[in-house]
Amino acid sequence: MIGNFWKNLKKKPKLGELQDKIFKFAGRDFNINSPAQLGNILVAMGIFSAEGGSASGGEGKIKKTKTGKISTKENELVKLRGKSPIIDLILEFRELNKLLNTYINPILKLSFKDEKIHTTLKQTGTVTGRLSSEEPNLQNIPIRSDFGARIRDAFIASPGFTFAAFDYSQIELRILAAAAKDAKMIEAFKKGVDIHKFTAANLNNLPMDQVTDKMRSRAKTINFGIVYGMGVRQLAQSTGMNLTEAQKFYHEYFNDFPEIKKYIEHIKNETKKTGYAETLLGRKRFFDLEAIRGNGFLESQMERMAVNAVIQGTDADIVKLAMVAVHKELDSRKIRPILQVHDELLYEVADDIIKEAVPRIRFIMESVYKLAVPLSVDVKIGKRWGSLVKYIK
DNA sequence: GGTGACGGCGCG
DNA sequence: AAAGCGCGCCGTCACC
């Protein structure tokens, strides 16, 4: 259900103020929502310094879009902070504008008389076996930014019910570790340690208690990146390392977890041989081998897609099994499925049975499929979607 | 008035 | 030359 949270959310005036300030710095009016116009303004202001060829530092290179225009995406703008206050104003304008025009206004319009929002889940909408959600898409409701999280608070449980959110913890990395039969990482998951910290400890040859936040953060990036086939450049970019360090980091990772490297190679080779990648449960994603023949870039792209198809696809398979199992075993009148967000199931549970229901749902989800590592589910409960609190066993 | 490509960005 | 997977949706722009 949608509460009245957003009705007194006065963001329009703020947006107008930001627009005025931006125009003042720019020296003239223009359409902030047009990347083309914005790019021109920034060039005219000298913020995108048209660097001469002599620059040896390599910084300040203007990133172009695939059609050859100047890129004004957040990553690029952030680098230009400090050159002008206009940068931060634009970023703030973008965030507010996005949240208002993509979520708050359209979703209010889609609110039924019963004050509920009803999405449509497509069962065949993706290549990996995930569901997708549309009109509205409830699988991408904000949560990461502070203001974004407030949008979630407008979603409230029905009277007499409480939200219970069940989140598979690091399920993709678990699938990878199990499928690759990597003894070291399997052991870590069995012990239930903080996996990113564990990875960092291995990468830096340190005991776990000497891992710094920065080391953990970098390990987390590479743990996720591995699954998607992230390259050295991107790794460097997103961790703040230089290319040489990033290269070394990769090397170290595959040294520490050799089975993972072997398994990823195995997926790539099998896909190139058979033309398909297969989840652990046997669902296949096919590729057109003819179309990529002789094109190194397309081949690499297919390899990344294949690795992802196995990991993300197995994840999707498991979550679907869990949805079915919960439905079969429990009373859907008191435990209502509200939403699936890829590795998370949101239920609305009658207040009087919440204490028994939560452990049962958790158990079903954790035991629905057996891997070489345990599946672990985090639970949060609460009356508002944006204010759920961890449920302690 | 409608359509599709594009840049951009929200989520997992 | 390109190099992070999977989605849906916004506004702009070019075009019919």
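Every chain is numbered from 1 and lettered A, B, ... according to where its sequence line falls, protein lines coming before strand lines.
In this model, a donor atom of one side chain and an acceptor atom of the other lie less than 3.5 Å apart for A:Arg94 and A:Thr72. Side-chain N/O atoms of A:Thr128 and A:Gln312 include a donor and acceptor closer than 3.5 Å. With 3.5 Å as the limit, one finds a donor-acceptor pair spanning the side chains of A:Ser133 and A:Thr119.
Between the side chain of A:Gln139 and the base of C:dC7 there is no donor-acceptor pair of N/O atoms closer than 3.5 Å. The base of B:dG8 has none of its N or O atoms less than 3.5 Å from a complementary donor or acceptor on the side chain of A:Arg94. For a distance-only test at 3.5 Å, the side chain of A:Asn140 qualifies as a donor-acceptor partner of the base of B:dG10. Taking 3.5 Å as the limit, the base of B:dG12 and the side chain of A:Arg144 contain a donor-acceptor pair of atoms between them. Side-chain to base pairing of A:Glu134 with C:dG8: no donor and acceptor N or O lie closer than 3.5 Å to each other.
Each of A:Lys261, A:Lys262, A:Glu259 was compared with A:Phe254 under the side-chain contact (heavy atoms from CB on, under 4.5 Å) criterion, and only A:Lys261 meets it.
Nucleic acid contact class of A:Asp315 (heavy atoms, under 4.0 Å, all strands): none. Within the nucleic acid shown, A:Asn295 comes within 4.0 Å of at least one base atom, counting heavy atoms only. Here A:Glu344 lies out of heavy-atom contact (under 4.0 Å) with every strand. Among the protein residues, A:Arg233 comes within range of no part of the nucleic acid, since none of its heavy atoms lies under 4.0 Å from any strand. Nucleic acid contact for A:Lys64: none, since no nucleic acid atom lies under 4.0 Å from a heavy atom of the residue. Within the nucleic acid shown, A:Val307 has no heavy atom closer than 4.0 Å to any nucleic acid atom. No contact: A:Leu131 has no heavy atom under 4.0 Å from any strand. Contact annotation for A:Thr67: backbone-only contact, meaning every heavy-atom pair under 4.0 Å involves sugar-phosphate atoms and none involves a base. Residue-level contact check: A:Glu74 touches the backbone only, with heavy atoms under 4.0 Å from sugar-phosphate atoms and none from bases. Within the nucleic acid shown, A:Ile143 comes within 4.0 Å of sugar-phosphate atoms alone, with no base atom in reach, counting heavy atoms only. Using a 4.0 Å heavy-atom cutoff across all strands shown, A:Glu135 reaches sugar-phosphate atoms only and no base atom. Nucleic acid contact class of A:Lys98 (heavy atoms, under 4.0 Å, all strands): base.
For DNA chain C, if you chain together Watson-Crick or G-U pairs that step i with j, i+1 with j-1 and so on, the runs of at least three with distances under 3.5 Å are B:1-12 with C:5-16.
Taking both residues in full, the closest heavy atoms of A:Leu289 and A:Lys273 are given as CD1-O, 4.4 Å, listed atom of the first, atom of the second, then distance. The minimum heavy-atom distance linking A:Leu131 with A:Gln123 is given by the pair CD2-CA, 4.0 Å.
Close to C:dG8, at under 4.0 Å from its OP1 or OP2, lies a side-chain N or O of A:Lys122. OP1 or OP2 of C:dC13 has at least one side-chain nitrogen or oxygen of A:Ser34 nearer than 4.0 Å. An OP1 or OP2 oxygen of C:dC13 is reached within less than 4.0 angstrom by a side-chain nitrogen or oxygen of A:Gln37. Contact annotation: A:Ser132 side-chain N/O to C:dG8 OP1/OP2 distance is under 4.0 Å. The shortest distance between the side-chain N/O atoms of A:Thr72 and the OP1/OP2 oxygens of B:dG8 is below 4.0 Å. Between A:Arg130 and C:dG6, a side-chain N or O to OP1/OP2 separation shorter than 4.0 Å is absent.
Distance CD1 (A:Ile70) to C1' (B:dC6): 16 Å, rounded to an integer number of Å.
The aromatic ring centroids of A:Phe163 and A:Tyr347 lie 6.0 Å or more from each other. Within the 6.0 Å centre-distance limit, the rings of A:Tyr253 and A:Phe257 are counted as a close aromatic pair.
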Listing time: all N or O pairs from protein to nucleotides 2-5 of chain B that are below 3.5 Å?
none

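With distances taken from any side-chain atom of A:Tyr103 to the nucleotides B:dG10, C:dG4, C:dG11, the minimum falls on B:dG10.
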